[in-house]
Asks: 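Questions regarding the structure given below will be posed in turn.
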Amino acid sequence: MAVSVIIPSRGWSPAVEESVRSVLSSLALVDKDTPELLLVLNGPQAGRHMARVDDPRVTVLVDEVAGAARARNSALDRARYDCVLFTDDDCVVPINWCRDMLGPLGHHGAAAGPIRVAHQGPITAFLDYKRVFAAPPIDERRARYFITANCALRRSGLPMPARFDQILFNNAAEDSCLGYALVNAGIDIAWTPDMPPVVHRLPEAPSAISERFLRYGRGNARLVSAHGCWQESVPCALEWLESIRDGTCWDYRRFAELDHVAMRDLFVYLDLVLTTSWLLGFISDTQERLGLDVLSVDLDGLNDRLEGETYRLVARLSAGWSTASTPSLLLSSSPHDADAALNMAAALRDHVLIRTTGAERSQLVDSLARHADRVDAEQLRSVLAVRRLRERWLRDADVPGLPRLEALFRREGVAFADGLHELEKAGWTEGHPADQRH
């Protein structure tokens with residue numbers, strides 16, 4: 001079957017050669033005669049690693065202007081075939097990737113597949129554990145939007161041209177934006193849970209969390225403001241950030257299911273870094289759109305502080321620790337170690353200023369809260385779904401392990417990380433021995 005595969009690249013990723021090779025191997029299984037891989041080099045530094053991926057099956061497009069959305073649009077303009085698959089230049093696809101992603105396009109206009117993060121150390125293990133690239137579920141067979149590290153489109157099955165917004169979303173959330181547009185137009189994005197995942201290779205560095213989620217927060221704010229995607233809204237974003245800064249936030253993940261104490265402490269801190277970075281991006285973009293000055297951030301100083309604390313916690317891990325120590329069963333213990341929250345609060349107090357009064361603050365708070373009713377209703381739906389699952393497990397003495405748990409959450413339209421958080425708050429394994437996992 002003829003298919004076009006698109007990979008945008010700044011030419012910086014050392015994994016680009018492996019990424020291209022994996023796609024070509026997968027393409028050969030579905031199209032031996034006319035495989036089309038469009039590699040778009042965009043940005044002034046592009047080409048750094050390109051000499052190692054020279055192949056006649058690869059069409060290289062060059063655009064001196066940076067931006068993943070722009071690069072994908074350029075490739076869509078050149079793509080010869082109706083079915084188009086997307087991945088990234090730091091991803092390795094499984095051998096049957098093309099075949100697995102093309103299957104749903106026989107009945108759907110778009111498809112999303114699983115993505116995992118390669119474990120190169122505890123930081124990337126955390127990102128994988130959070131399923132940061134999992135397309136959020138509507139139910140067990142449909143996604144709310146797709147992630148371009150692993151997605152597919154059948155262009156003739158869409159009610160509009162497949163285009164990424166390269167004006168507002170050239171650096172983050174362009175895939176979410178297009179995915180929402182398709183779903184709102186009545187196109188189901190098929191979820192393909194049974195295929196092997198695409199593997200994302202991220203740097204083992206704190207910036208893989210702080211810089212990435214600052215961009216994601218900004219992208220989500222634009223989804224809300226420019227496209228009305230209320231699902232991405234956080235009405236209490238400013239108050240949430242203030243509670244973390246003031247040391248009064250209690251609703252953060254403790255990762256009670258992890259039995260390695262040093263790993264648990266690190267994951268708690270990294271989750272606070274992720275949350276804080278996302279909130280800073282979301283609030284900053286919102287206030288800039290409104291022309292307000294409520295939040296001021298010494299970003300360089302804050303990132304240095306977060307990086308230093310992260311590496312201190314990484315150093316506490318024993319030499320024998322590995323990502324395989326992540327258990328497959330949530331434990332019944334519920335440790336409450338506030339050190340991570342206190343350290344994050346101190347960092348924010350030193351590097352983040354927030355106006356506590358005034359008309360500008362009131363305007364920002366009102367703007368953030370405009371979708372509060374819909375967001376609250378959706379959160380309540382998710383909480384009640386998780387509670388129903390928990391009550392069933394307690395009644396039937398049937399405590400699932402993490403892989404099955406992830407599938408059960410999706411069936412209820414609940415993201416994996418959100419579901420685990422709700423279960424943790426409920427103390428969900430009380431009274432169940434460890435040998436009850438499935």
Side-chain angles (χ1 to χ4, degrees), residues 165 167-173 176-177 206-207 209-253 269 271-309 338 340-380 421:
D165 185 337
I167 305 300
L168 292 178
F169 302 98
N170 211 18
N171 199 33
S176 310
C177 181
S207 60
I209 300 174
S210 57
E211 293 178 6
R212 181 177 294 272
F213 281 87
L214 185 75
R215 288 191 290 107
Y216 287 177
R218 286 185 169 274
N220 282 86
R222 295 177 188 185
L223 284 172
V224 176
S225 63
H227 290 271
C229 299
W230 62 267
Q231 301 91 331
E232 304 303 317
S233 178
V234 179
C236 60
L238 189 63
E239 295 91 335
W240 189 0
L241 181 64
E242 285 178 317
S243 72
I244 298 173
R245 186 197 62 175
D246 298 340
T248 59
C249 177
W250 61 270
D251 188 14
Y252 61 89
R253 276 282 268 137
Y269 189 75
D271 203 49
L272 284 166
V273 172
L274 184 156
T275 300
T276 299
S277 300
W278 191 94
L279 287 170
L280 288 172
F282 190 88
I283 297 167
S284 295
D285 198 89
T286 303
Q287 74 168 8
E288 288 167 14
R289 174 180 59 84
L290 298 171
L292 305 177
D293 184 17
V294 177
L295 174 72
S296 300
V297 185
D298 169 19
L299 199 55
D300 290 338
L302 178 61
N303 285 338
D304 287 345
R305 183 83 161 264
L306 300 182
E307 183 176 279
E309 178 64 11
L342 291 174
N343 289 335
M344 178 59 71
L348 292 180
R349 285 195 298 270
D350 289 345
H351 299 286
V352 176
L353 296 176
I354 304 174
R355 289 191 183 183
T356 57
T357 60
E360 288 197 356
R361 177 189 169 90
S362 297
Q363 185 180 352
L364 178 59
V365 169
D366 289 345
S367 178
L368 291 169
R370 64 187 170 128
H371 297 296
D373 290 345
R374 300 181 77 174
V375 171
D376 289 346
E378 174 59 21
Q379 288 179 340
L380 178 60
H421 195 175

Asks: I need the Ser210 OG to Arg305 CZ distance, nearest 0.5 Å.
Replies: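 Answer for the OG-CZ pair, Ser210 versus Arg305, is 14.5 Å.
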Asks: Does the Glu307 side chain pair with the main chain of Pro206, one donor and one acceptor, at a distance under 3.5 Å?
Replies: no
Asks: Between the side chain of Ser367 and the main-chain N/O of Gln363, is any donor-acceptor distance below 3.5 Å?
Replies: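 Side chain of Ser367 to backbone of Gln363: no pair is present.
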Asks: Determine the sole option in Leu348, Val352, Ile209, Asp271 for which the side chain to side chain contact (heavy atoms under 4.5 Å, CB included) test with Thr276 is passed.
Replies: Leu348
Asks: Does any part of the side chain of Arg370, heavy atoms only, come nearer than 4.5 Å to the side chain of Val224, both counted from C-beta?
Replies: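 Yes; the side chains approach each other to less than 4.5 Å.
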Asks: Just wondering, do His227 and Asp165 contact through their side chains at under 4.5 Å, heavy atoms?
Replies: yes
Asks: Looking at Arg245 and Arg349, would you say the former's side chain and the latter's main chain have a donor-acceptor pair under 3.5 Å?
Replies: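 Checked: no pair found.
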Asks: As an exercise, state the distance from OG1 of Thr248 to CD of Glu239, rounded to the nearest 0.5 Å.
Replies: 11.0 Å
Asks: Rounded to the nearest 0.5 Å, how far does OH of Tyr269 lie from CG of Leu274?
Replies: 12.5 Å
Asks: Show the nearest heavy-atom pair for residues Ile244 and Ala345, with the distance to one decimal.
Replies: O-CB, 3.2 Å
Asks: Quick one: does Leu299's side chain get under 4.5 Å of His351's, heavy atoms only?
Replies: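 No, side chains not in contact.
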Asks: Side-chain contact test, heavy atoms from C-beta onward, threshold under 4.5 Å: evaluate it for Val365 versus Val294 and give yes or no.
Replies: no
Asks: Would you mind reporting whether Met344 and Tyr252 have side-chain heavy atoms less than 4.5 Å apart?
Replies: no
Asks: According to side chain to side chain donor-acceptor pair (under 3.5 Å), who are the partners of Glu211, at least two apart in sequence or on a separate chain?
Replies: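 By the side chain to side chain donor-acceptor pair (under 3.5 Å) rule, Glu211 matches no residue at all.
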Asks: Which pair of heavy atoms, one from Leu223 and one from Ser176, lies closest together, and at what distance?
Replies: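 It is CD1-CB, 3.8 Å.
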Asks: Quick one: closest heavy-atom pair of Leu168 and Ala226, and the distance?
Replies: CD1-CB, 3.4 Å
Asks: Roughly how far apart are Arg212 CZ and Leu214 CG, rounded to 0.5 Å?
Replies: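 That separation rounds to 12.5 Å.
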Asks: Would you compute the distance between atom CG of Asn220 and atom SG of Cys177 and round it to the nearest 0.5 angstrom?
Replies: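 Answer for the CG-SG pair, Asn220 versus Cys177, is 11.0 Å.
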Asks: Looking at every non-hydrogen atom in both residues, tell me the closest pair between Ala372 and Pro235 and how far apart they are.
Replies: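 Reported closest heavy-atom pair: CA-CG, 3.6 Å.
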Asks: List the atom of Asp251, the atom of His421, and the distance in Å for their closest heavy-atom pair.
Replies: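 Looking at all heavy atoms of both residues, the closest pair is OD1-NE2, 3.0 Å.
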Asks: Aromatic rings Tyr216 and Phe213: how do their planes relate, parallel, tilted or perpendicular, breaks at 30° and 60°?
Replies: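 Correct class here is perpendicular.
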Asks: Considering only heavy atoms from C-beta outward, does the side chain of Leu302 approach that of Leu280 to under 4.5 Å?
Replies: yes
Asks: Are the side chain of Ser243 and the backbone of Trp240 linked by a donor-acceptor contact shorter than 3.5 Å?
Replies: yes
Asks: With the side chain counted from C-beta on, respond yes when Leu295 and Ser284 share a heavy-atom pair under 4.5 Å apart, and no when they do not.
Replies: yes
Asks: What verdict does the side chain to side chain contact (heavy atoms under 4.5 Å, CB included) test give for Ile283 and Leu364, after you've listed the backbone C-alpha separation in whole Å, the side-chain angles of each residue and the deciding distance to 0.1 Å?
Replies: CA-CA 9 Å; Ile283 297 167; Leu364 178 59; 4.1 Å; yes
Asks: Considering non-hydrogen atoms only, spot the tightest contact between Val234 and Phe282 and give its length.
Replies: N-CZ, 3.8 Å
Asks: Can you tell me which residue pairs pass the salt bridge (charged side-chain N to carboxylate O under 4.0 Å, His left out) test with a partner in residues 278-290, sequence neighbours excluded?
Replies: Arg218-Asp285, Arg218-Glu288, Arg222-Asp285
Asks: Taking Leu292 as the fixed residue, which of Arg355, Arg361, Glu360 is the one that meets the side chain to side chain contact (heavy atoms under 4.5 Å, CB included) rule?
Replies: Glu360
Asks: Looking at OG1 of Thr286 and CG of Leu368, how far apart are the two atoms once the value is rounded to the nearest 0.5 Å?
Replies: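 Nearest 0.5 Å value for the OG1-CG distance: 5.0 Å.
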